[in-house]
Amino acid sequence: MITKEPSLPPNFIRNIIEEDLKTNKYEGRVATRFPPEPNGYLHIGHAKSICLNFGLAVEYEGTCNLRFDDTNPSKEESEYVQSIQNDVRWLGFDWKDRLFYASDYFEQLYAYAVQLIQIDKAYVDDLSAEEIREYRGTMTQQGKNSPYRTRSVDENLDLFRRMREGEFENGSRVLRAKIDMASPNLNMRDPVMYRILRSIHHRTDDRWCIYPMYDFAHCISDSIEGITHSICTLEFEDHRPLYDWFLDELKVYHPQQIEFARLNLSYTVMSKRKLRELVEQGYVAGWDDPRMPTISGIRKRGYTPESVRNFCERIGVARRDSMVDMALLEYCIREDLNLRAPRVMAVLHPLKVVIENYPEDRVEELEAVNNPEDPGMGSRKVPFSRVIYIEREDFREDAPKKFYRLAPGCEVRLRYGYYIKCEKVVKDEQTGEVIELRCSYDPETRGGWAADGRKVKGTLHWVSAAHSIPAQVRLYDRLFVKANPVEEKSDVDFKSYINPNSLEILESCRVEPSLNNATSGNRYQFERLGYFCVDSMDSRKGQPVFNRIVTLRDTWAKIEQKEKM
RNA sequence: UGGGGCGUCGUCAAGCGGUAAGACACAGGAUUUUGGUUCCUGCAUUCGGAGGUUCGAAUCCUCCCGCCCCAGCCA
């Protein structure tokens, strides 16, 4: 019996492609493209599109082009071209030699525009921007023809050539497609194809003073590149008739445009405008702030490309508007790191513990497993001594019912260490704050096992005071406290839902000495706490800086929460 | 109230006339030197609503309701 290949879950785009392959619509080819405009940073919504387009190409042994949609020089910069390429590469995709720019096609686009003029399907309009808007009509009222609509082909040809030559001022004239001012689809009411715009283009410099509009440039770029399936987001659906119109009138190779719903993620925002607002008004440290849903932010946070790709696979592709739960993204990174991240002990809020019956000058090297999920990752030695730090949270003077950590008179296990029992609580005389614990240890429990078989419920992580190294740890959390900060039908500013605790910087953490060698980008699981990543900018040898990627699932927090209610 | 879309579990999402996959979340339980992981179990008699066609409808038809997008010389 032949087992079926493990196939990916179906979605409507794969269905279309399968069908096209069956009917040999494109001679068995699958050619997609990812067409970002280089006017900003990519975010996880783009990752969905990248995974979709490049993923399809891999799956069907086709190609996927990276094409910059750079038809508006007033907004675009090469800085973004670079960052976009970094992000796509980081996600794990390779466009090989298929890197293109819409600006590569300016000359050809111009020729096609001339061709449309020649068949009387395009004309030069002298109306002002304002007038064009008025003539366009409204959603419920049809538009009316521009007085310049009936110009002769020759005059149009002449005018368009002179537009290119730079004879006219910015905004004084445009080239329009001659379609139908009465169309119920606003996009078909003689859309603008070219505008006069004097601006330095990042690739063509000042060679052009007229630039094609998206609708005209995009379909032709797709056609030139021999794209089969031109995948874009839902808001372009109304543009499809126009996409088809240009290609039909020009009688050129005709790809099919397919629209899917863009990604929305809970507890964050996705629009470029809002992200820019957060950056420019200083709510975050920059586009790559680890709390940002940008690819660079996610990368700095410590997410792996594998986990992001996996996330994009799991969310599926469909045509309905949706809001994916951030919990799924978090699940994906935990799933990945659980298998790969070495375990290590780190104490974020140190509480000093003196083990009174442990010899003053003794130091033991205890064997600690690096990853229980993967024996191949081996083990390491962790120094243990009389004075250690434990997590402040792991001690309660008045332990609640299901609290099985340390409390006066109680015994717990130190991970890979000994059983210890809390004998005495030392408090600050002024404030009453617990500043130190005096404990005893059972020498018979080395490694964490009791010879007499007695069980202990809790296991705590710890570090030796004398051997641990100081570290800064940044605790990142969700950027917003509200699942959807952008309520439709509400004029509340989304920024009022920013989580005031989305970043907590801890300066006096102590981590085990093995972390002295932690290098930029390394990811660890701090046992019982979460997954952390060595910061790529601020970390120094002997003084590491860690970013929290995500916490571990915390069942105790849930229990405690429930008890409170 | 013009046009274009979309409505299947709390959140995503399969399903394409033969009697509701899966994932996350959630809730129980088992195992555990991470209250982690893993493993079981439960979680839509019902697919926005109402009619109709059919032996049979989430799937076809009709009407209704709700949500999203479109009036840039942005993409």
Side-chain angles (χ1 to χ4, degrees), chain A residues 9-11 15 35-37 39 69-72 74-76 125 127-130 132-134 136-143 170-176 183-189 191-197 210-211 213-215 217-218 232-241 259 261 266 272 313-332 334-335 338-339 343 345 368-369 372-373 402-405 413-417 447-449 455-461 483 488 525-530 551-560:
Chain A
N11 65 49
N15 293 346
E37 182 189 13
N39 72 341
D69 224 329
D70 54 352
T71 56
N72 187 351
S74 63
K75 292 174 148 188
E76 296 149 6
D125 198 345
L127 253 29
S128 69
E130 173 122 352
I132 286 180
R133 192 181 334 120
E134 282 162 15
R136 185 155 35 226
T138 67
M139 281 186 280
T140 51
Q141 280 170 243
Q142 63 180 59
N170 285 353
S172 61
R173 275 177 236 259
V174 292
L175 182 72
R176 290 232 253 173
S183 171
N185 181 344
L186 287 314
N187 296 302
M188 299 299 272
R189 320 242 261 228
V192 171
M193 291 168 58
Y194 271 90
R195 74 284 213 185
I196 302 173
L197 190 58
I210 57 171
Y211 290 93
M213 299 287 290
Y214 165 85
D215 288 302
H218 202 90
C232 62
T233 44
L234 246 28
E235 68 271 25
F236 290 102
E237 180 144 31
D238 287 344
H239 295 243
R240 196 171 63 221
E259 311 85 14
S266 62
K272 256 180 209 172
E313 197 55 62
R314 282 170 191 253
I315 57 176
V317 181
R319 286 178 65 88
R320 67 182 85 117
D321 294 313
S322 60
M323 163 94 59
V324 174
D325 195 335
M326 178 67 92
L328 181 61
L329 218 210
E330 295 172 346
Y331 172 84
C332 288
R334 284 191 192 110
E335 181 189 45
N338 174 48
L339 265 24
R343 272 59 170 173
M345 290 196 283
V369 169
E373 302 295 323
K402 290 173 184 162
F403 185 86
Y404 42 88
R405 273 113 104 142
R413 170 170 39 231
L414 293 177
R415 179 133 235 226
Y416 302 123
W449 299 104
K455 293 270 196 294
V456 102
K457 264 195 170 172
T459 300
L460 308 187
H461 61 277
E488 296 84 12
Q525 184 198 95
F526 288 0
E527 291 216 38
R528 305 210 304 134
L529 297 172
T551 61
L552 251 30
R553 269 184 63 208
D554 192 347
T555 308
W556 163 243
K558 253 179 227 168
I559 294 169
E560 199 175 31

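Reckoned from all heavy atoms, side chains included, excluding hydrogens, waters and symmetry mates. The chains referred to below are lettered A, B, ... by the order of the sequence lines, with proteins before strands, and numbering in each begins at 1.
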[N] versus [M] - spacing of their [atom1] atoms, nearest Å:
| N | M | atom1 | value |
| --- | --- | --- | --- |
| B/U45 | B/A20 | P | 11 Å |
| B/G42 | B/U32 | P | 24 Å |
| B/U8 | B/C47 | P | 11 Å |
| B/U19 | B/U54 | C1' | 14 Å |
| B/G17 | B/U53 | C1' | 12 Å |
| B/C68 | B/U1 | P | 15 Å |
| B/U59 | B/C40 | C1' | 34 Å |
| B/C43 | B/G4 | C1' | 37 Å |

Next item on the list: Classify the ring geometry between A/H239 and A/Y214 as parallel (under 30°), tilted (30 to 60°) or perpendicular (over 60°).
Entry: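 Plane angle over 60°, so perpendicular.
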Notebook entry, point to check: Just how far is it from atom OG1 of A/T551 to atom CG of A/L529, taken to the nearest 0.5 Å?
Noted result: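 Nearest 0.5 Å value for the OG1-CG distance: 9.5 Å.
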How would you label the contact of [X] with the nucleic acid (heavy atoms, under 4.0 Å): base, sugar-phosphate, or nothing?
| X | answer |
| --- | --- |
| A/Y404 | base |
| A/R343 | base |
| A/Y211 | nothing |
| A/S322 | sugar-phosphate |

Counter-base of [N], judged by Watson-Crick or G-U geometry with both distances under 3.5 Å:
| N | answer |
| --- | --- |
| B/A71 | none |
| B/A20 | none |
| B/C47 | none |
| B/A27 | B/U41 |
| B/C9 | none |

Note to self: Against A/D125, only a single residue in A/R176, A/R136, A/R173 fulfils salt bridge (charged side-chain N to carboxylate O under 4.0 Å, His left out); can you say which?
What the structure shows: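 It is A/R176, the one option of A/R176, A/R136, A/R173 that forms the salt bridge (charged side-chain N to carboxylate O under 4.0 Å, His left out) with A/D125.
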Taking atom [atom2] of [N] as reference, at what distance in whole Å does atom [atom1] of [X] sit?
| X | N | atom1 | atom2 | result |
| --- | --- | --- | --- | --- |
| A/M326 | B/C26 | CE | P | 15 Å |
| A/F403 | B/G35 | CZ | P | 11 Å |
| A/D238 | B/G3 | CG | P | 12 Å |
| A/Q525 | B/G36 | CD | C1' | 6 Å |
| A/R133 | B/C70 | CZ | C1' | 15 Å |
| A/N338 | B/U32 | CG | P | 18 Å |
| A/K75 | B/G72 | NZ | P | 13 Å |
| A/L234 | B/C6 | CG | P | 8 Å |

Does [N] have OP1 or OP2 under 4.0 Å away from a side-chain N or O of [X]?
| X | N | value |
| --- | --- | --- |
| A/R405 | B/G35 | no |
| A/R314 | B/A14 | no |
| A/R553 | B/G36 | no |
| A/K558 | B/C26 | yes |
| A/T71 | B/A75 | yes |
| A/R189 | B/A71 | no |

Next item on the list: Specify the residue among A/L328 and A/R413 whose closest nucleotide of RNA chain B lies further upstream toward the 5′ end.
Entry: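 The residue whose closest nucleotide sits nearer the 5' end is A/L328.
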Margin query: Need to verify one output field. Residue with the more 5' nearest nucleotide on RNA chain B, A/E130 or A/Y331?
Written below: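 The answer here is A/Y331.
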What nucleotide among [options] has an atom nearest to a side-chain atom of [X]?
| X | options | value |
| --- | --- | --- |
| A/R195 | B/C73, B/G5, B/A14 | B/C73 |
| A/K402 | B/U34, B/A75, B/G35 | B/G35 |
| A/W556 | B/A75, B/G35, B/G72 | B/G35 |
| A/N15 | B/G35, B/G7, B/G15 | B/G15 |
| A/R320 | B/C69, B/U8, B/G2 | B/U8 |
| A/L186 | B/G35, B/A13, B/G2 | B/G2 |
| A/R319 | B/U37, B/U1, B/C6 | B/C6 |
| A/R136 | B/C73, B/C70, B/A23 | B/C73 |
| A/R415 | B/G7, B/A27, B/U34 | B/U34 |
| A/T555 | B/U37, B/G35, B/C74 | B/G35 |

Check: Using the glycosidic torsion, which applies to B/G72: syn (within 90° of 0) or anti (everything else)?
Finding: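 Syn, which is what one calls it when the glycosidic angle falls within 90° of 0.
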Check: Can you name the closest pair of heavy atoms from A/V324 and A/I315 and give their distance?
Finding: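 Nearest pair, atom of A/V324 first, then A/I315: CG1-CG2, 3.7 Å.
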Margin query: So which atom in A/E76 and which in A/T71 form the shortest heavy-atom distance, rounded to 0.1 Å?
Written below: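 In this case the closest contact between A/E76 and A/T71 is OE1-N, 3.5 Å.
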Checklist line | Short side-chain donor-acceptor distance under 3.5 Å, A/E235 and A/T233 | finding: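 Yes, A/E235 and A/T233 have a side-chain donor paired with an acceptor closer than 3.5 Å.
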Item checked: Check: A/R189 side chain, A/S183 main-chain N or O, donor-acceptor pair, under 3.5 Å ->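 Indeed, once roles are kept as given, a pair shorter than 3.5 Å links the two residues.
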Check: Quick one: does A/T459's side chain have a donor or acceptor within less than 3.5 Å of a partner on A/R415's backbone?
Finding: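 Not at all, since once roles are kept as given, no pair shorter than 3.5 Å links the two residues.
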Margin query: If the test is side chain to side chain contact (heavy atoms under 4.5 Å, CB included), which one of A/I132, A/I196, A/I210 qualifies with A/V174?
Written below: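 Passing option: A/I132.
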